[in-house]
Amino acid sequence: MDTIQILLLSVALFGVGAFASLVLNGVSRPARVTAGLIGTIASFIGLVSAIRAGINIPSPLELSSPLPFGHFTLQMDGLSTLLVGMICLLGLAVSLYSISYVGQYTKQNVGLLGFFTNLFIAMMLLVVTVANAFYFLVFWEMMTLASYFLVMFESEKKETVRAGYLYMLIAHAGGTLIMLSFFVFFLTTGSFDFAAFRQADLSPALKDLVFLLALVGFGAKAGMVPLHFWMPPAYSAAPSNAVALMASVMKKTAIYGILRICVDLLGASVLWWGLLVLFFGALSAVLGVLFALVERDIKRILAYSSIENVGIIMMGIGVGMVGVATRQPTVALIGFLAALYHALNHSFFKGLLFLGAGSVDYRIHTRNLNEMGGLGRLMPWTALMFLVGGLSIAAIPPFNGFVSEWFTYQAFFSASNGQDFIVRSFMPLCAVLLAFVGTLSAMVAIKMYSGAFSGPARNEEAGKASEVPASMLSGMAFLAIGCILLGLGAPLIAPYLAGVVADTLNIPATTVASGSWVYPVNIVQGVLSAPLMAVLLLGLLLVPVVLIAVYGDRQAGTRIVNDPWACGYGYSKKMSVSASNFDQPIAVTFNGIYMFRSAAQRLMEAIGSLSKRLNEAIVRVEPVLERIIKDPTTRTVEYVGQHIQALQMGDIRMYCLYIILTLAILLIAVFK
Amino acid sequence: MISTSMFFIGLLQALVILAVAPMFSGFSRVMRAKMHNRRGPGIFQNYRDIIKLMKRQEVISEQAGWVFRATPYITIASMLLIAAILPVFTSRSPFEWVGDLILVIYLYALSRFFFSVSGLDTGSTFGGMGARRELFLSVLIEPVMLMVLFVMALLAGSTNLSVISTKVATGQIPFYTSVWLGMLAFAFASFVEMGKLPFDLAEAEQELQEGPLTEFSGKSLALMKWGIYMKQVVLVALFLAVFLPFGSVTTFSSGLPALFSILLAIVVFFLKVIVFYFIVAVLENAMARVRFLKASAVTWTALGAAILSFVFYLANV
């Protein structure tokens with residue numbers, strides 16, 4: 001069987017899983033087991049096709065198109081294959097996890113959850129492999145819709161409806177911009193095929209336009225600041241298994257879109273593009289992590305932390321684009337390598353952390369860190385795996401997050417040695433920002449871990465929790481082991497990713513690893529050996545063990561006491577540091593940024609209430625005018641009034657305005 | 001890439017730093033006592049403390065998880081690994097095949113991560129507050145360290161500590177204004193990271209009950225204290241390796257001369273560390289405490305100096 005046919009088989013199987021789940025809707029257990037198991041098998045088959053495509057890139061497969069808009073071509077080049085692999089690996093873990101997790105939704109239409117989850121994965125697989133803009137948009141929309149229904153699953157809650165509405169609006173605003181960028185291509189080439197787009201001879205101004213449309217359109221989906229605000233409400237409203245997929249792989253389809261359009265199709269030939277991506281990356285990383293730190297809801301924290309990680313990925317992409325524009329293939333290679341590596345790692349640890357948060361929610365039904373605590377003793381395996389995810393996200397060596405951030409630092413370093421003065425002055429500052437973000441994200445990880453798993457149980461339910469079922473544990477364990485292997489396996493993974501980058505950029509592949517070492521092309525610039533480091537750390541653990549064996553007294557033993565020491569007073573649970581006062585020093589020190597955020601929120605609310613009042617005024621004025629002048633102008637006013645009303649639903653319009661303003665400013669900046 | 005002799009030099013470095021770290025800390029205790037006009041505990045008091053603690057019964061709160069139990073071991077192991085990577089006795093980094101300066105910075109983060117979680121793990125008030133402070137200071141200080149090290153790496157053309165240390169030792173990187181400024185900022189950052197005043201008092205008995213150390217006892221406390229002593233020496237060693245690697249072995253011979261030059265380098269290293277500790281002790285005891293939440297006002301200055309050092313690097317001065 002051909003590689004792409006295997007992929008189609010996997011997609012079809014996801015479809016089967018989806019409809020089986022729909023048919024069994026109403027009977028909880030069979031529905032979730034069927035959806036989960038078929039999803040697992042389908043993911044596995046998709047993985048087989050990704051591995052085959054990774055070894056040997058298959059030629060594109062053209063299927064008969066039911067619509068006249070162009071060729072329904074599927075391709076699995078390096079970039080698409082990487083994304084297919086990521087989606088299937090996460091699909092596997094989440095499908096396994098869902099088998100038990102979905103069991104908590106007893107009264108709802110459980111079949112729908114399985115239906116939309118499987119459909120969602122299938123659509124993501126098609127989005128990243130289709131090589132035609134028209135079909136890309138069709139699948140993109142279907143992916144968005146499937147994820148929208150996943151967000152809206154608990155639609156009886158008011159905040160879920162609001163979150164889903166906001167998500168829908170931003171996703172469609174973004175989708176429209178993507179559509180427009182494809183339309184510019186279509187106008188010049190008269191075709192919807194990516195292959196034709198690649199040959200398109202666009203004028204520089206049009207290229208800039210396409211770049212901006214794509215960056216903003218995909219950026220909205222990826223959660224780039226300032227288009228990130230839909231993400232925390234949507235992520236905290238959606239079921240954890242669905243949100244694990246949204247945060248870890250749906251975001252990456254947006255990253256894929258940026259890479260496909262800006263780098264593959266447009267060639268990333270302009271320097272300021274890269275710098276702009278770098279700027280938004282840095283902005284997202286810093287603000288994302290600062291906002292994450294002051295949240296209490298574990299899923300909102302994870303949502304902001306996803307924004308931060310997208311920022312780090314975009315910083316890598318920015319460096320890569322700068323490298324392409326300044327004709328430094330090494331810089332380009334390392335930049336994109338760092339970005340892809342971090343994207344891969346992020347999908348693992350963020351998926352893991354969302355599943356972990358879901359496990360806690362499954363047992364004690366809260367997302368508020370202040371109501372958890374002490375779960376480490378009651379849910380030891382969940383705690384261990386959450387810790388692995390936390391160590392990875394905090395870039396602690398030798399876990400995977402560290403390796404990709406190491407490459408990001410090296411990318412900044414390589415770029416700092418270039419000729420262009422602006423590039424030389426900004427790259428080291430970006431490295432410093434990354435260090436700042438790194439320390440804060442360690443703080444975020446510690447806040448989540450210790451809030452949920454350490455210290456005393458802060459409410460009754462948390463004191464009675466027990467370990468989650470095996471299917472959930474195995475889903476998490478799969479991702480936790482992945483986090484460790486992606487770190488230790490750096491000497492195998494970096495060359496593979498370098499090959500993907502070389503394939504995308506059409507440059508000769510360069511070695512970035514030998515033996516157990518990885519290095520940023522130039523071996524003098526720096527080397528890293530994650531496996532040796534891990535072995536040495538484990539080996540050096542023996543030193544303190546030996547010291548205790550020599551000097552210690554085995555008979556002294558250990559005594560377990562009830563409470564920690566409290567200066568001789570009786571200990572109370574309220575004495576422990578809870579999640580809400582953990583971040584106080586940061587909240588005080590970076591007060592300015594948080595104040596800016598609340599000022600921006602107030603401004604948006606003011607705009608919202610102003611237009612609401614305007615709207616009300618128009619409605620009130622209408623009958624008066626009607627009485628005075630009964631002529632067609634009344635109808636016009638009424639017509640306008642109704643249309644303004646139609647536009648103005650809730651406070652979302654100010655976000656809309658916000659997007660348009662951003663775009664307008666960007667456009668002005670370009671054509672200036 | 002791995003040469004046997006460098007491997008053993010690395011292990012030697014790690015073990016020597018392990019062995020002498022309590023002594024240097026004892027030296028700073030003696031210094032403080034002298035400046036307070038007290039007799040003080042004597043330079044080897046820390047060894048006696050550690051050995052005594054090792055033989056004591058350990059008391060653990062039942063809320064403590066396995067992170068709390070594992071932290072002492074992880075702290076020591078990560079410090080040993082850093083000690084083996086840094087160019088201490090030779091201007092080449094003995095374990096350069098493990099990683100570069102970015103790894104060194106993140107190995108500190110490894111020990112800090114576990115240290116902080118262990119403070120929160122027991123649910124102790126003081127442990128939790130100490131953990132919070134520890135992390136907050138790292139947020140302010142780590143960017144300073146990275147900026148300075150990044151500038152040094154740019155001057156050397158490599159993030160490999162061997163290259164930086166060798167180029168500084170052999171004068172290939174002269175002391176530009178940027179290096180001086182960087183050195184100043186880095187010295188300040190090390191001072192803060194060592195847990196010295198103005199924000200922290202590592203041996204404080206009344207304030208925060210030694211932070212995350214509150215709940216440790218017996219052999220765990222012994223190991224934690226040892227780990228903290230090592231962290232201080234290793235920070236000084238990093239500073240010396242990057243800015244003042246003079247006196248370490250730069251040319252590699254074999255046989256008896258090699259042994260002799262290594263021994264000489266060890267002596268020189270000890271002298272440098274003693275001088276650093278002396279200066280630190282004088283500063284520490286001459287200084288008033290700064291309110292913790294005002295720490296950022298001081299560290300912004302350090303970050304400013306670090307960025308200025310980068311600006312001078314850009315301007316080639």
Side-chain angles (χ1 to χ4, degrees), chain A residues 374 376-377 391 394-397 402 406 409 413 416 424-425 428 431-432 435-436 439-440 442-443 446 449-450 453-456 517 524-529 532-533 536-537 540-541 543-545 548 551-553 556-566 575-577 582 585-586 588-589, chain B residues 18 51 54-63 65 67 72-73 76-78 80-81 97-100 102-103 106-107 109-110 113 116-117 120-125 127-129 132-133 135-136 138-139 142-143 146-147 150-151 153-154 158-160 163 214-215 218-219 223 293 296 310 314:
Chain A
R377 291 183 303 286
L391 287 163
I396 300 297
F402 170 70
W406 186 84
Y409 280 115
F413 191 85
S416 305
R424 276 184 58 196
S425 21
V432 174
F436 178 67
T439 53
L440 282 170
M443 220 169 155
I446 290 171
Y449 177 81
S450 57
F453 299 102
S454 297
W517 293 279
V524 181
Q525 189 180 313
V527 290
L528 177 75
S529 172
L532 285 176
M533 180 210 320
L536 278 170
L537 273 175
L540 289 171
L541 282 177
V543 174
V545 172
I548 284 182
Y551 295 107
D553 184 351
T558 306
R559 183 160 58 95
I560 308 287
V561 293
N562 286 337
D563 292 325
W565 189 66
M575 288 180 178
S576 69
V577 169
F582 178 75
I586 298 289
V588 170
T589 307
Chain B
L18 177 77
I51 288 173
M54 289 261 193
K55 298 197 188 305
R56 287 288 171 90
Q57 187 188 35
E58 202 179 348
V59 182
I60 297 179
S61 141
E62 68 168 357
Q63 291 175 5
V67 175
Y73 300 90
I76 298 255
S78 53
L80 284 169
L81 185 55
W97 36 268
V98 178
D100 53 4
I102 299 165
L103 174 67
Y106 275 83
L107 281 172
L110 167 69
F113 190 99
S116 309
V117 175
L120 291 154
D121 214 16
T122 54
S124 151
T125 320
M129 294 197 11
R132 202 174 79 171
R133 293 190 160 208
L135 289 167
F136 174 60
S138 79
V139 169
E142 211 165 276
L146 196 106
M147 179 85 259
F150 210 84
V151 170
L154 284 172
S158 167
T159 57
N160 188 334
V163 181
T214 312
E215 284 296 310
K219 55 182 191 290
L223 289 180
L293 287 175
S296 60
F310 168 59
L314 277 181

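Every chain is numbered from 1 and lettered A, B, ... according to where its sequence line falls, protein lines coming before strand lines.
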Bottom line for Leu80(B): the part with an atom under 4.5 Å from chain A's heavy atoms is both
Between the CD1 atom in Ile560(A) and the CD atom in Gln63(B), the distance rounded to the nearest 0.5 Å is 12.0 Å
Greatest number of non-hydrogen atom pairs under 4.5 angstrom with chain B, of Ser425(A), Pro544(A), Ser529(A), Ala431(A), falls to Pro544(A)
Cut-off 4.5 Å, heavy atoms of chain A, and the answer for Val151(B) is neither
Minimal heavy-atom distance between Tyr106(B) and Ala435(A), with the atoms involved, is OH-CA, 4.4 Å
Cut-off 4.5 Å, heavy atoms of chain B, and the answer for Arg424(A) is both
CG of Leu528(A) to CG of Asn160(B), rounded to nearest 0.5 Å, is 11.5 Å
Expected output: side-chain Glu215(B) to main-chain Trp565(A) donor-acceptor under 3.5 Å: yes
Q. What's the verdict on side-chain contact (heavy atoms from CB on, under 4.5 Å) for Glu142(B) and Phe436(A), showing C-alpha distance, side-chain angles and the deciding distance?
A. CA-CA 7 Å; Glu142(B) 211 165 276; Phe436(A) 178 67; over 6 Å; no
Closest heavy-atom pair, Ser158(B) versus Gln525(A), reported as atoms and distance to 0.1 Å, is OG-O, 3.3 Å
Residue set satisfying side-chain contact (heavy atoms from CB on, under 4.5 Å) with Pro428(A), at least two apart, ordered chain then number -> Ser416(A), Met147(B), Phe150(B), Leu154(B), Phe310(B)
Margin query: Can you confirm whether Phe136(B) sits close enough to Thr589(A) that some side-chain heavy atom of one is under 4.5 Å from a side-chain heavy atom of the other?
Written below: yes
Under 4.5 Å to a heavy atom of chain B? For Leu536(A) that would be side chain
Looking only at heavy atoms, the pair that brings Met533(A) and Leu81(B) closest together is CG-CD2, 4.0 Å
Exam field: side chain Trp406(A) to backbone Leu103(B), donor-acceptor pair closer than 3.5 Å
no
Rounding to 0.5 Å, atoms CG (Leu537(A)) and CG (Leu107(B)) come to a distance of 6.0 Å
Of all heavy-atom pairs linking Lys55(B) and Gly552(A), the shortest is NZ-O, 4.4 Å
Ser450(A) meets the side-chain contact (heavy atoms from CB on, under 4.5 Å) criterion, sequence neighbours left out, with Ile446(A), Ser454(A), Leu120(B)
- prompt: Is there a donor-acceptor contact under 3.5 Å from the side chain of Thr125(B) to the main chain of Met575(A)?
  reply: yes
Most heavy-atom pairs under 4.5 Å with chain B, out of Val588(A), Asp553(A), Thr558(A), Val524(A), belong to Thr558(A)
Applying a strict 4.5 Å limit to non-hydrogen atoms, the region of Tyr551(A) in contact with chain B is both
What one should report as the nearest heavy-atom pair of Val139(B) and Thr439(A) is CA-OG1, 3.5 Å
Turns out that what part of Phe582(A) lies under 4.5 Å from chain B's heavy atoms comes down to both
Quick one: are Phe402(A) and Leu110(B) in side-chain contact, heavy atoms under 4.5 Å? no
If you tally heavy-atom pairs under 4.5 Å between each of Ile548(A), Leu440(A), Leu532(A) and chain B, the highest tally belongs to Ile548(A)
Max heavy-atom pairs within cutoff under 4.5 Å with chain B, candidates Pro397(A), Gly374(A), Gly376(A), goes to Pro397(A)
Are side-chain heavy atoms of Ile102(B) and Phe413(A) found at a separation under 4.5 Å? no
Taking every heavy atom of Gly526(A) against every heavy atom of Thr159(B), the minimum-distance pair comes out as CA-OG1, 3.6 Å
